[in-house]
**Student:** 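Please find one structure pasted underneath; my questions will follow.
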Amino acid sequence: MTDTSSPTMRAVVIDELGGTDRLRLTQLARPVPVSAELLVQIHAAALNPIDAKTRAGKGAAAGIRSFPLTLGNDFSGVVAQAAYEAHPLQPGAEVYGMLSVPRTNGSYAEFAAVPEMSIARKPSNLSHIEAAAVPLAALTADGALRVAGVTAGSRVLIHAGAGGVGHFAVQFAALAGAEVITTASPRNADWLRELGASEVIDYGSTRFEDVVSGVDIVIDLIGNVHDNTGSRSLGVLRADGILVNVPTGSWPSLAEDAAAAGRRATGFKVSPDGRRLAEFTDLIEAGKLRVHIDAVFPLDRVAEAHALLEQGHTRGKISLDITR
């Protein structure tokens with residue numbers, strides 16, 4: 001358990017870029033909140049592909065200013081110190097949110113100093129393990145669909161619908177009244193239909209372009225890093241449709257390829273948004289938005305968690321139990 005009286009904290013850091021062996025558990029000074037930041041005692045964090053990419057020297061690695069660096073964007077925990085006396089989130093309040101790594105140290109740690117605009121009240125019907133898995137993935141899915149202009153009646157193709165971002169994108173698109181088509185493995189088909197998918201295409205046996213055409217929106221969570229998924233997706237868009245590519249570095253020639261195909265396409269980058277998270281809290285508490293946890297690891301086994309993440313077959317999210 002966390003020693004709340006100690007000036008230090010457990011944290012996982014990297015001292016250089018590289019493989020999972022670069023992740024090490026250590027003691028760091030507890031962060032000191034400034035301005036309108038809250039000090040949060042973290043109970044759980046979640047893994048995202050950007051964590052592994054950054055650790056390996058891709059992703060957001062270009063923004064690293066110094067080492068050691070603590071990775072991790074998502075967190076759920078309890079306010080240890082409010083931003084000021086009348087702030088609505090006082091000590092003891094259960095919260096969740098998203099950090100901006102590597103501009104700041106991340107959530108693979110027992111405490112974090114968090115800007116008030118990056119945090120919201122945790123859904124009361126989720127555990128910390130579950131809540132930590134929501135912020136980055138849900139904000140990404142929601143933001144990508146908003147950029148695409150999803151509306152009731154839109155036909156939306158979502159690649160990798162069973163993943164962290166994907167399973168939220170399926171739900172948000174369905175909540176908007178869209179017709180949702182997604183690619184996934186057969187083991188996830190029934191589950192994705194429960195989340196709102198109208199059609200699930202087995203990517204292992206079927207070329208999606210052979211069975212889908214004229215869609216309004218493609219949410220591309222793969223890119224061209226596997227089987228030219230992104231380029232092939234341009235061909236299934238209707239003339240004025242749009243493709244939104246999400247994974248960092250997954251399609252360097254996106255703009256050129258889209259222009260050559262005569263289709264609209266854009267990348268998307270997520271940022272912390274506590275106000276939108278507060279709206280997600282309402283949806284989750286109303287039973288309209290779900291999160292799935294595929295695996296949970298203690299903090300000292302984060303290297304194993306990264307290795308599992310990099311296999312690319314996770315259903316939903318992987319969380320870290322910071323209290324263990």
**Student:** Provide the full list of salt bridge (Lys or Arg N to Asp or Glu O under 4.0 Å) pairs with a residue in residues 56-75, sequence neighbours left out, each pair given once.
**Tutor:**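 Applying salt bridge (Lys or Arg N to Asp or Glu O under 4.0 Å) to every pair that reaches into residues 56-75, excluding sequence neighbours, yields Asp74-Lys317.
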**Student:** Would you kindly confirm whether Val236 and Leu221 end up in one hydrophobic cluster when ILVMFWY residues are joined by side chain heavy atoms under 4.5 Å apart?
**Tutor:**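 No, separate clusters.
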**Student:** Mind listing the closest non-hydrogen atom pair of Arg290 and Phe168 along with its distance?
**Tutor:**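 So the two residues come closest at O-CE2, 3.4 Å.
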**Student:** For residues Val13 and Phe67, determine if any side-chain heavy atom of one lies less than 4.5 Å from a side-chain heavy atom of the other.
**Tutor:**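 When only atoms from C-beta onward are counted, Phe67 and Val13 do not touch, as no gap falls below 4.5 Å.
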**Student:** Given side chains that start at C-beta, do those of Leu47 and Leu320 come closer than 4.5 Å, heavy atoms only?
**Tutor:**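 Leu47 reaches Leu320 side chain to side chain.
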**Student:** Walk me through whether Asp321 and Phe297 qualify under side chain to side chain contact (heavy atoms under 4.5 Å, CB included).
**Tutor:** CA-CA 6 Å; Asp321 186 346; Phe297 291 83; over 6 Å; no
**Student:** Under the side chain to side chain donor-acceptor pair (under 3.5 Å) test, which residues partner Arg121, sequence neighbours left out?
**Tutor:**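 Residues passing side chain to side chain donor-acceptor pair (under 3.5 Å) with Arg121: Glu285.
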**Student:** Considering residues at least two apart in sequence or located in another chain, which fulfil the ring-ring contact (aromatic ring centres under 6.0 Å, His included) criterion with His226?
**Tutor:**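 In terms of ring-ring contact (aromatic ring centres under 6.0 Å, His included), with neighbours along the sequence ignored, His226 is linked to no residue.
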**Student:** Measure the spacing between CG of Asn73 and OG1 of Thr104 and express it to the nearest 0.5 Å.
**Tutor:**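 It comes to 8.0 Å.
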**Student:** Is it the case that one hydrophobic cluster holds both Leu139 and Leu283, taking links as side-chain heavy atoms less than 4.5 Å apart, direct or via other members?
**Tutor:**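 Both belong to a single hydrophobic cluster.
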**Student:** Side chains of Tyr96 and Thr281 only: does a donor on one sit below 3.5 Å from an acceptor on the other?
**Tutor:**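 A pair is found: one side chain offers a donor N or O, the other an acceptor, under 3.5 Å apart.
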**Student:** Just one of Arg10, Arg324, Arg30 clears the salt bridge (Lys or Arg N to Asp or Glu O under 4.0 Å) bar with Glu110, so which one?
**Tutor:**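 Going through Arg10, Arg324, Arg30 one by one, the salt bridge (Lys or Arg N to Asp or Glu O under 4.0 Å) with Glu110 is satisfied by Arg10 alone.
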**Student:** Run the ring-ring contact (aromatic ring centres under 6.0 Å, His included) check on Phe280 and Phe172 step by step: do they pass?
**Tutor:** CA-CA 10 Å; Phe280 295 169; Phe172 283 127; 5.2 Å; yes
**Student:** Honestly curious: do Leu234 and Val244 fall in one hydrophobic cluster under the side-chain, below-4.5 Å linking rule?
**Tutor:**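 Per the 4.5 Å side-chain linkage, Leu234 and Val244 are not co-clustered.
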**Student:** Just verifying a value: how many Å separate Leu23 CG and Leu71 CG, rounded to the nearest 0.5 Å?
**Tutor:**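 One gets 6.5 Å once the value is rounded to the nearest 0.5 Å.
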**Student:** Measure from the side-chain N and O atoms of Thr54 to the backbone N and O of Ile50, and report whether any donor-acceptor pair falls under 3.5 Å.
**Tutor:**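 Side chain of Thr54 to backbone of Ile50, a donor-acceptor pair under 3.5 Å: yes, one is there.
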**Student:** Side chains of Pro91 and Gln81: does their closest heavy-atom pair fall under 4.5 Å?
**Tutor:**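 Side chain of Pro91 against side chain of Gln81, heavy atoms only: no contact under 4.5 Å found.
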**Student:** Report the C-alpha separation of Leu38 and Ile119 in whole Å, then their side-chain angles, then the decisive distance to 0.1 Å, and conclude whether the side chain to side chain contact (heavy atoms under 4.5 Å, CB included) test is met.
**Tutor:** CA-CA 9 Å; Leu38 299 88; Ile119 200 169; 4.2 Å; yes
**Student:** Are the side chain of Thr314 and the backbone of Leu309 linked by a donor-acceptor contact shorter than 3.5 Å?
**Tutor:**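 Answer holds: no.
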**Student:** Please answer: with hydrophobic residues joined when any side-chain heavy atoms are less than 4.5 Å apart, are Val170 and Val200 in the same cluster?
**Tutor:**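 Yes, one cluster joins them.
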**Student:** Mind checking the CZ-CD1 spacing from Arg264 to Ile242? Nearest 0.5 Å is all I need.
**Tutor:**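 Between atom CZ of Arg264 and atom CD1 of Ile242 there are 4.5 Å.
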**Student:** Is it true that Arg232 and Asp227 have a side-chain N and a carboxylate O under 4.0 angstrom from each other?
**Tutor:**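 Looking at Asp227 together with Arg232, the answer is yes, because their closest N to O distance falls below 4.0 Å.
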**Student:** Got a list of side-chain donor-acceptor pairs under 3.5 Å for residues 141-158, not counting sequence neighbours?
**Tutor:**
| from | atom 1 | to | atom 2 | distance (Å) |
| --- | --- | --- | --- | --- |
| Asp142 | OD1 | Arg146 | NE | 3.2 |
| Asp142 | OD1 | Arg276 | NH2 | 2.9 |
| Asp142 | OD2 | Arg146 | NE | 3.0 |
| Asp142 | OD2 | Arg276 | NE | 2.8 |
| Thr151 | OG1 | Ser154 | OG | 3.3 |
| Ser154 | OG | Thr151 | N | 3.0 |
| Ser154 | OG | Thr151 | O | 3.0 |
| Arg155 | NE | Glu179 | OE1 | 3.4 |
| Arg155 | NH1 | Ser213 | O | 2.7 |
| Arg155 | NH1 | Gly214 | O | 3.4 |

**Student:** Is there a donor-acceptor contact under 3.5 Å from the side chain of Asp294 to the main chain of Ile318?
**Tutor:**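 No; judged by distance alone, with no hydrogens or angles, the pair does not exist.
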**Student:** If you look at every heavy atom in Val180 and Ala174, which pair is closest and at what distance?
**Tutor:**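 Closest approach of Val180 to Ala174: CG2-N, 3.7 Å.
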**Student:** Ignoring hydrogens and angles, tell me if any N or O in the side chain of Ser35 forms a donor-acceptor pair with the backbone of Glu37 under 3.5 Å.
**Tutor:**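 No, Ser35 side chain to Glu37 backbone: no donor-acceptor pair under 3.5 Å.
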**Student:** Contact between Pro49 and Glu310 at the side-chain level, heavy atoms closer than 4.5 Å - yes or no?
**Tutor:**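 Pro49 vs Glu310: side chains apart.
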**Student:** Identify the two heavy atoms, one from Leu237 and one from Leu243, that lie closest to each other, and give their separation to 0.1 Å.
**Tutor:**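 Scanning both residues, the minimum pair turns out to be CD1-N, 3.8 Å.
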**Student:** Tell me if a side-chain donor or acceptor on His87 pairs with a main-chain N or O of Ala83 at a distance below 3.5 Å.
**Tutor:**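 Not at all, since once roles are kept as given, no pair shorter than 3.5 Å links the two residues.
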**Student:** Following the transitive rule for hydrophobic clusters with a side-chain heavy-atom cut-off under 4.5 Å over Ile, Leu, Val, Met, Phe, Trp and Tyr, establish whether Leu69 and Met98 coincide in one cluster.
**Tutor:**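 Shared cluster, no.
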**Student:** Report the distance from atom CG of Leu289 to atom CG of Leu195, rounding to the nearest 0.5 Å.
**Tutor:**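 Reported value, rounded in 0.5 Å steps: 9.5 Å.
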**Student:** Mind running side chain to side chain contact (heavy atoms under 4.5 Å, CB included) on Val246 and Ile222 for me, showing each step along the way?
**Tutor:** CA-CA 8 Å; Val246 174; Ile222 298 176; over 6 Å; no
**Student:** So, Tyr108 versus Phe75, ring centres under 6.0 angstrom or not?
**Tutor:**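 No, too far apart.
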**Student:** Identify, with sequence neighbours excluded, every residue that meets salt bridge (charged side-chain N to carboxylate O under 4.0 Å, His left out) alongside Asp273.
**Tutor:**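 Residues passing salt bridge (charged side-chain N to carboxylate O under 4.0 Å, His left out) with Asp273: none at all.
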**Student:** How far apart are the C-alpha atoms of Val212 and Val215, what are their side-chain angles, what is the distance that settles it, and do they pass the side chain to side chain contact (heavy atoms under 4.5 Å, CB included) test?
**Tutor:** CA-CA 8 Å; Val212 176; Val215 301; 3.4 Å; yes
**Student:** For a quick check under 3.5 Å, do Ser233 and Asp220 share a side-chain donor-acceptor pair by atom type?
**Tutor:**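 Side-chain D/A pair, Ser233 to Asp220: absent.
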**Student:** Nearest heavy-atom pair of Asp51 and Ala46: which atoms, and what distance?
**Tutor:**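 That closest heavy-atom pairing would be OD2-O, 3.8 Å.
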**Student:** Atom CD1 of Ile322 and atom CD of Gln41: how far apart are they, to the nearest 0.5 Å?
**Tutor:**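 It is 11.0 Å, given to the nearest 0.5 Å.
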**Student:** Quick one: are Arg275 and Met117 in side-chain contact, heavy atoms under 4.5 Å?
**Tutor:**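 Result yes, sub-4.5 Å side-chain heavy-atom pair found.
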**Student:** Indicate whether the side chain of Asp202 and that of Thr206 have a donor and an acceptor atom separated by less than 3.5 Å.
**Tutor:**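 Note: Asp202 and Thr206 side chains miss the donor-acceptor criterion.
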**Student:** Counting N and O atoms only, with roles assigned by atom type, does the side chain of Lys53 sit under 3.5 Å from a partner on the main chain of Gly57, one being a donor and the other an acceptor?
**Tutor:**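 Not at all, since once roles are kept as given, no pair shorter than 3.5 Å links the two residues.
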**Student:** Heavy atoms, side chains only, cut-off 4.5 Å: are Trp251 and Val225 in contact?
**Tutor:**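 Trp251 does not reach Val225 side chain to side chain.
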**Student:** What pairs with Arg187 under salt bridge (charged side-chain N to carboxylate O under 4.0 Å, His left out), at least two apart in sequence or on another chain?
**Tutor:**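 Arg187: no salt bridge (charged side-chain N to carboxylate O under 4.0 Å, His left out) contacts found.
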**Student:** Where is the tightest heavy-atom contact between Ala120 and Leu277, given as atom of each residue plus distance?
**Tutor:**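 Looking at all heavy atoms of both residues, the closest pair is CB-CB, 3.7 Å.
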**Student:** Mind checking whether Leu99 and Pro272 have side chains closer than 4.5 Å, heavy atoms only?
**Tutor:**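 No; the side chains remain at least 4.5 Å from each other.
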**Student:** Kindly compute the distance separating NZ (Lys122) from CD (Glu130), expressed to the nearest 0.5 Å.
**Tutor:**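 If I round to the nearest 0.5 Å, the distance is 8.5 Å.
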**Student:** Would you say the side chains of His306 and Arg55 form a donor-acceptor pair under 3.5 Å?
**Tutor:**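 Side chains of His306 and Arg55: pair found under 3.5 Å.
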**Student:** Taking all atoms of both residues into account, what is the closest heavy-atom pair of Ser76 and Ala132, and its distance?
**Tutor:**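 Minimum heavy-atom separation between Ser76 and Ala132: CB-N, 3.6 Å.
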**Student:** Do Ser250 and Asn245 pair up side chain to side chain, a donor and an acceptor below 3.5 Å, judged on atom types alone?
**Tutor:**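 Yes, side-chain donor-acceptor contact under 3.5 Å.
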**Student:** Do His159 and Ile219 make a side-chain contact, defined as non-hydrogen atoms from C-beta onward lying under 4.5 Å apart?
**Tutor:**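 His159 does not reach Ile219 side chain to side chain.
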